[in-house]
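Bear in mind that the values here come from a model prediction, so they are computed numbers and not experimental data. Counting from 1, the numbers follow the sequence of the chain as shown.
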Amino acid sequence: MVASASRVTGTRRTVAAGFLLPALVLLGALVVYPIGYSVHRSFFDRSGDSFAGLDNYTALFTDDTILTAVKNNAVWAVLAPAVATALGLIFAVLTERVRWGTAFKLIVFMPMAISMLAAGIIFRLVYEQDPDRGVANAVWVGVHDTFAESSVFPRARPLPVHPLEAAGGGAFVTKSPVRTGETVRLPLIGVAPAQMPEGARPAHEAPPGDGVITGTAWLDFTKGGGGKPNAVDPTEAGLKGLRIEAVKDGRVVATTRAAADGSFTLPASADGALLRLPASNFREQYNGVEWLGPSLVTPAVIGSYVWMWAGFAMVLIAAGLASVPRELMEAARVDGANEWQVFRRITVPLLAPVLAVVLVTLMINVLKIFDLVFIIAPGSAQDDANVLALQLYRSSFGTDADLGVGSAIAVLLLLLVIPVMAFNIRRMRREARR
């Protein structure tokens, strides 16, 4: 009877080994062998013929480009998982309280269905510098222009024959003081007809008035040629909205703006003053933030990653939240705890195992981030956005490939992932023993 049981047990072990063998072969071919080869190759030089010792590992901490990649990976490992997990927690808790929570979860989770390549292309367009193409700058410029006065005629300027001259700081003033009863001409050039303000009409030379100063500010340019300089021609448009200041002894005594036909009027207090066109009329229009510049490219790419993975964190945390005993929350509320106290002292501690899973998973994921950085960061800023996985690709397959350094980077990535995996395994075993 004992011998029979032994034969059955032995048969089961043989069958189990037979089923595991294909998986073990694949694991060895696709994981164990590449790791062993990478460790071996990291001790040899570029050609692979000469033993280099620790030279390749020394290069990891002396080469500026690789050091930037290491620093950026540290920023990624700290910032991206924390922000994605925090947003996922907030979304999971708040969507429990709204009727359309399921639809909201679907929308937030939807980016997970998009590949990293597609997400990179999308955010490369989102971060486009031109506000007419980039969504981020379109919003930013819209908010800026709501609270800050925008330029009316960027790069407009007078000709030498015009009665205006530079006053420093981008402003222009009349060459001589103005008097009441006079008509002043303020012609400018340098504005494309297509960039003229909406509602601008053909310029009209203002008639003189008693006790006031009148004038006309217009674009002294006739489309198709022709026209006379310093004279209001029928097809030339008024500089609608141009700000005009009357200055006496360095002090502004009167201000006005040109009408749609360019005409304007100043009171008698401007008699004897110089007319100044302030620099605010001519400064370059605000074009937003350089999201993909050297200083902001890494946070910008992290933002695209959070957009993709906050939904993943939300779904896992929502699943954990569903298993939290509601009696504990209700008891806390009965004892006088407010919602913030319930969230901080009950919900978050009970969700700690789930939050740890999400954080560890995202941390492992960001250590090997490659696609988003490679696609979103332009060539001019790729060194500033560099990460280890991208540097591994550049060192191994770039124009100046060095497989020794590339293998050393691969080993460094493995060493960075092992502690995180060990922590995760210990946590899973601890949970299994409970």
Side-chain angles (χ1 to χ4, degrees), residues 132 149-287:
D132 293 331
E149 187 179 12
S150 60
S151 171
V152 185
F153 305 103
R155 292 176 290 184
R157 62 193 183 280
L159 288 171
V161 297
H162 289 158
L164 291 164
E165 60 184 3
F172 300 101
V173 296
T174 52
K175 296 176 180 177
S176 57
V178 296
R179 298 293 178 184
T180 55
E182 290 182 352
T183 297
V184 184
R185 293 177 176 177
L186 301 178
L188 294 173
I189 63 165
V191 184
Q195 294 177 342
M196 291 291 286
E198 186 178 351
R201 299 204 308 265
H204 170 71
E205 188 154 12
D210 293 334
V212 294
I213 299 167
T214 59
T216 303
W218 79 100
L219 179 64
D220 195 10
F221 172 80
T222 301
K223 191 175 180 180
K228 297 179 180 179
N230 223 9
V232 179
D233 296 304
T235 59
E236 295 173 347
L239 296 174
K240 177 186 175 184
L242 184 74
R243 181 179 175 86
I244 304 159
E245 298 174 344
V247 181
K248 278 184 181 180
D249 301 322
R251 186 170 58 90
V252 177
V253 296
T255 62
T256 187
R257 286 189 181 272
D261 61 357
S263 60
F264 63 88
T265 303
L266 286 166
S269 59
D271 184 56
L274 292 173
L275 298 191
R276 180 173 66 187
L277 307 182
S280 59
N281 289 312
F282 312 114
R283 64 172 177 259
E284 291 286 344
Q285 290 183 337
Y286 181 70
N287 286 320

Has the side chain of [X] got a donor or acceptor atom that lies under 3.5 Å from a matching backbone atom of [Y]?
X	Y	result
Thr235	Thr222	no
Arg276	Val173	no
Lys240	Glu198	yes
Asp249	Arg251	no

Heavy atoms only: give me the nearest [X]-[Y] pair and the separation to one decimal.
X	Y	value
Ala231	Asp220	O-OD1, 3.7 Å
Pro208	Gly181	CB-O, 3.3 Å
Ala268	Gly211	CB-O, 3.2 Å
Phe172	Pro158	CE2-CD, 3.4 Å
Ala279	Ala171	N-CB, 3.8 Å
Val191	Ala156	CG2-CB, 3.6 Å

Could you grab the distance from atom [atom1] of [X] to atom [atom2] of [Y], nearest 0.5 Å is fine?
X	Y	atom1	atom2	result
Thr174	His162	OG1	NE2	14.0 Å
Lys175	Glu165	NZ	CD	6.5 Å
Leu242	Ser280	CG	OG	9.0 Å
Glu182	Thr214	CD	OG1	9.0 Å
Glu236	Lys228	CD	NZ	11.5 Å

Report yes if the side chains of [X] and [Y] come closer than 4.5 Å at any heavy-atom pair, otherwise no.
X	Y	result
Phe282	Leu188	yes
His204	Trp218	no
Leu277	Leu186	yes
Glu245	Thr255	yes
Leu159	Asn230	no
Arg185	Glu205	yes

Taking [X] as the fixed residue, which of [options] is the one that meets the side-chain contact (heavy atoms from CB on, under 4.5 Å) rule?
X	options	answer
Asp271	Thr180, Val212, Val178, Val253	Thr180
Leu275	Leu164, Val247, Val184	Val184
Ile244	Thr265, Thr256, Asn281	Thr256

